[in-house]
2 protein chains.
Amino acid sequence: MTARMTDLTHRKTLPRLDESLLTYLTPFSKLEKREIRSILDQATSRRYDEGVSIFDEGAPAERFFMLLDGYVRVVRVTPTGEQVTALHIPAGQLLGIAKAIGRETYPATAVTATESIVLSWPTRLWDGFVADYDGFATETYKTVGDRMGEIHNRVMEMATQQVEQRVANALLRLINQTGRKVSDGIEIDFPITRQDLSELTATTLHTASRLLSAWEKQGLVQSKRKRIKVLDPHALVVISQPKSDL
Amino acid sequence: MTARMTDLTHRKTLPRLDESLLTYLTPFSKLEKREIRSILDQATSRRYDEGVSIFDEGAPAERFFMLLDGYVRVVRVTPTGEQVTALHIPAGQLLGIAKAIGRETYPATAVTATESIVLSWPTRLWDGFVADYDGFATETYKTVGDRMGEIHNRVMEMATQQVEQRVANALLRLINQTGRKVSDGIEIDFPITRQDLSELTATTLHTASRLLSAWEKQGLVQSKRKRIKVLDPHALVVISQPKSDL
DNA sequence: GTTTGAATTTGAGCCAGCGCAACGTTCTCT
DNA sequence: AGAGAACGTTGCGCTGGCTCAAATTCAAAC
């Protein structure tokens, strides 16, 4: 649970900050380059190892963050210590924006799924950004809405679908959001254990493991330790569909 | 699925619009009376019968709404027709605020749980309200955040708790949000069927019915058709807790 | 290269809760 | 008042997926 500091000008780790890619950062897509620069100039950059927390549920929301590179899991922990993953955040998005929804503390814990580069600003700058840059708030709230929709979808899934369908859906979502095309399929771009997958689908790692084994035998997926590659996405789509009566 | 129009000045149905109660309307708590009046003057008032939809998932978000009196269920329907209730909205809150989260269409369906009085405005007025009234946006986003939190909690519950615990939790939430104290307990303030309860807890109406029967035998609750009264909230709290090892 | 711990696989048994079905009760409408 | 619909109850059998347990594979650290 440690994280190392990198210095702010460590260009090598910030390849995406190329001019032409600034608008790739979700909250900035409506802003002018000059404005974006001004916001970025006030940021602190930091590198996190895989599997460390960026902020913790319940802690005072002293900063807000933007994921420049990597992937982050948003998780919550039950009183009994079980973890539940709410969603995955891809590079280019804000996180920890408690202020945007009127909270003083972070509503969940953010854990890096890969080594990640994260910008952050003190929360006190938030109101200024919203006031000064028109599109900033709009884009941010779109993000909030999208996440709400995703969580909402999770509720639907968990309420109506079987475990097999949920796991198939989770894999499809992961390859859509974070898939990397390789020779014979699409690979999930970060290390993911059976346990992670089970926390994403509200099942046990045993069941997740069994499903992956079965699918591997059928040639739908290939998986090594912490790596999953989907060979036949369409077959997964079929599985993910609620089975209609024949 | 019909709804009757009432005229705008039908004071009898708008008892809450008394001066002293204006700030009871969540989005207005930070505004001056004059400002609130100005917003309300632009609203259309309408009465809905119980069990009708105010707006439907996927429809263009032409208006946004405020629930003046009554209760509304936010539901989504699966391709196979199963309903899942995401949350309940009490009087005083906004709903259908697709614009606030950058959506062009309603992300879910809103169904009245009781006869309800609803104000509405054309969506095109939204940006003006946000720009003209400072606290309006803030309060609105707090509401969005709260709902996000609630849905998030639902995901946690469904992922980690047994049906019995979830139903107990749902009842507790309902009596907290909408409970009315009566002589010997707390009654849920609107008609609720076993089916409704099951859609709230991702189970079947059969299981919900069995649980209520069991609890009634133990004297924890009393229920008539469409009415549930909780006699012993504390016992429900105990049930809702994940059972620790003895 | 060996040790150690994390990740994964697989088996076997079991039970919460679902599906189905039948029946009872209470409303509503004419 | 009677018919029909909506709502609620309860029994029974079945099974998806959980729990418990044990063995195996892999990776990193020493």
Side-chain angles (χ1 to χ4, degrees), chain A residues 1 49-51 78 80-84 113 115 157-168 170 188 190-218 221-229 239 242-245, chain B residues 1-2 49-52 78 80-84 113 115 157-168 170-171 188 190-218 221-229 239 242-243 245:
Chain A
M1 285 291 173
D49 285 332
E50 178 191 323
T78 66
T80 56
E82 290 161 287
Q83 299 218 354
V84 179
E115 179 183 341
E157 274 184 30
M158 290 175 47
T160 61
Q161 303 194 318
Q162 308 264 97
V163 168
E164 186 176 23
Q165 296 167 12
R166 296 207 300 270
V167 176
I188 294 171
F190 56 82
I192 181 165
T193 65
R194 310 292 187 263
Q195 176 75 39
D196 294 335
L197 196 56
S198 73
E199 286 171 5
L200 214 74
T201 50
T203 181
T204 60
L205 87 145
H206 306 277
T207 299
S209 177
R210 279 182 240 269
L211 284 172
L212 282 181
S213 294
W215 290 341
E216 182 136 21
K217 278 198 190 91
Q218 296 167 44
V221 305
Q222 245 176 48
S223 67
K224 313 191 240 305
R225 153 182 281 232
K226 287 197 177 195
R227 287 283 162 194
I228 302 176
K229 182 168 60 177
I239 290 173
K243 56 192 66 162
S244 60
D245 26 355
Chain B
M1 284 293 171
T2 54
D49 285 331
E50 178 191 323
V52 305
T78 66
T80 56
E82 290 161 285
Q83 298 218 356
V84 179
E115 178 182 342
E157 273 185 30
M158 291 175 45
T160 61
Q161 302 193 321
Q162 309 265 94
V163 168
E164 186 176 23
Q165 297 166 13
R166 296 205 301 270
V167 175
L171 280 188
I188 293 171
F190 57 81
I192 182 165
T193 64
R194 309 293 187 261
Q195 176 76 38
D196 293 335
L197 197 56
S198 73
E199 286 171 4
L200 221 89
T201 50
T203 182
T204 60
L205 86 144
H206 307 277
T207 300
S209 177
R210 278 181 244 269
L211 284 172
L212 282 182
S213 294
W215 290 340
E216 181 135 22
K217 278 198 190 92
Q218 296 168 44
V221 305
Q222 245 176 48
S223 66
K224 314 192 241 300
R225 151 183 280 231
K226 287 196 177 195
R227 287 283 161 193
I228 301 176
K229 182 168 59 177
I239 290 174
K243 56 192 66 161
D245 26 354

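What you see below is based on every heavy atom in this structure, not just the backbone, and it leaves out hydrogens, waters and symmetry mates.
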Check: Quick one: do the Thr80(B) and Glu82(B) side chains pair a donor with an acceptor below 3.5 Å?
Finding: yes

Margin query: Starting the side chain at C-beta, find the nucleotide from dC7(D), dC26(D), dG17(C) nearest to Arg225(A).
Written below: dC26(D)

Next item on the list: Could you tell me whether Ser223(B) contacts a base, only the sugar-phosphate backbone, or nothing, with contacts defined as non-hydrogen atoms closer than 4.0 Å?
Entry: nothing

Check: Heavy atoms under 4.0 Å, any strand shown: does Ser209(A) hit a base, just sugar-phosphate, or nothing?
Finding: base

Check: Atom CE of Met158(A) and atom P of dC18(C): how far apart are they, to the nearest Å?
Finding: 13 Å

Margin query: If you only use heavy atoms from C-beta on, which nucleotide in dA7(C), dC18(D), dA21(C) is closest to the side chain of Val163(A)?
Written below: dC18(D)

Notebook entry, point to check: For the base of dT19(D), is there a side-chain donor-acceptor partner from His206(A) under 3.5 Å away?
Noted result: no

Check: dG17(C) C1' sits how many Å from Gln162(B) CD, rounded?
Finding: 10 Å

Check: Which nucleotide in the set dC18(D), dT10(D), dC7(D) lies at the smallest distance from any side-chain heavy atom of Thr204(A)?
Finding: dC18(D)

Notebook entry, point to check: Base, sugar-phosphate alone, or nothing: which one does Arg194(B) contact when heavy atoms must sit under 4.0 Å apart?
Noted result: sugar-phosphate

Notebook entry, point to check: For dC7(D), does either OP1 or OP2 sit under 4.0 Å from a side-chain N or O belonging to Lys226(B)?
Noted result: yes

Margin query: Do Thr193(A) and Arg225(A) pair up side chain to side chain, a donor and an acceptor below 3.5 Å, judged on atom types alone?
Written below: no

Notebook entry, point to check: Stepwise, does the side-chain contact (heavy atoms from CB on, under 4.5 Å) test hold for Val163(B) with Leu211(B)?
Noted result: CA-CA 9 Å; Val163(B) 168; Leu211(B) 284 172; 4.0 Å; yes

Margin query: How many whole angstroms separate atom CZ of Arg227(B) from atom P of dG8(D)?
Written below: 12 Å

Next item on the list: Using five pairs at either end of the helix from dG1(C)-dC30(D) to dT30(C)-dA1(D), determine the angle between the two local helix axes and round it to 10 degrees.
Entry: 50°

Check: Taking atom types as they are modelled, is there a donor-acceptor pair under 3.5 Å from the base of dG19(C) to the side chain of Arg210(B)?
Finding: yes

Notebook entry, point to check: Roughly how many Å is it from CG in Leu205(B) to P in dA21(C), rounded to a whole number?
Noted result: 15 Å

Notebook entry, point to check: In whole angstroms, how far is the P atom of dG17(C) from the CZ atom of Arg166(B)?
Noted result: 8 Å

Check: Checking side-chain contact (heavy atoms from CB on, under 4.5 Å) for the pair Lys229(B)/Ser223(B): CA distance, chi angles, key distance, verdict?
Finding: CA-CA 6 Å; Lys229(B) 182 168 59 177; Ser223(B) 66; over 6 Å; no

Checklist line | Side-chain donor/acceptor of Ser209(B) to backbone N/O of Leu205(B), under 3.5 Å | finding: no

Notebook entry, point to check: Is the shortest side-chain N/O distance from Thr207(A) to OP1 or OP2 of dC18(D) below 4.0 Å?
Noted result: yes

Check: Going through the distances and angles, do Ile228(B) and Leu171(B) end up as a side-chain contact (heavy atoms from CB on, under 4.5 Å)?
Finding: CA-CA 9 Å; Ile228(B) 301 176; Leu171(B) 280 188; 4.1 Å; yes

Note to self: Tell me the interatomic distance from Lys224(A), atom NZ, to dT9(C), atom C1', rounded to whole angstroms.
What the structure shows: 18 Å

Notebook entry, point to check: Gln195(B) CD to dA5(D) P: how many Å, rounded?
Noted result: 19 Å

Next item on the list: By nearest nucleotide on DNA chain C, pick out whichever of Leu212(A) and Gln161(B) is the more 5' one.
Entry: Leu212(A)

Notebook entry, point to check: Could Arg210(A) and Glu164(A) be called an ion pair, given the rule that one side-chain N must be under 4.0 Å from one carboxylate O?
Noted result: no

Margin query: I'd like to check Arg194(B) versus Leu197(B) (side-chain heavy atoms, cut-off strictly below 4.5 Å). Are they in contact?
Written below: no

Item checked: Gln222(A) CD - dT9(C) C1' separation (whole Å) -> 17 Å

Check: When you check the phosphate oxygens OP1 and OP2 of dT10(C), does a side-chain N or O of Ser213(A) lie under 4.0 Å from one of them?
Finding: yes

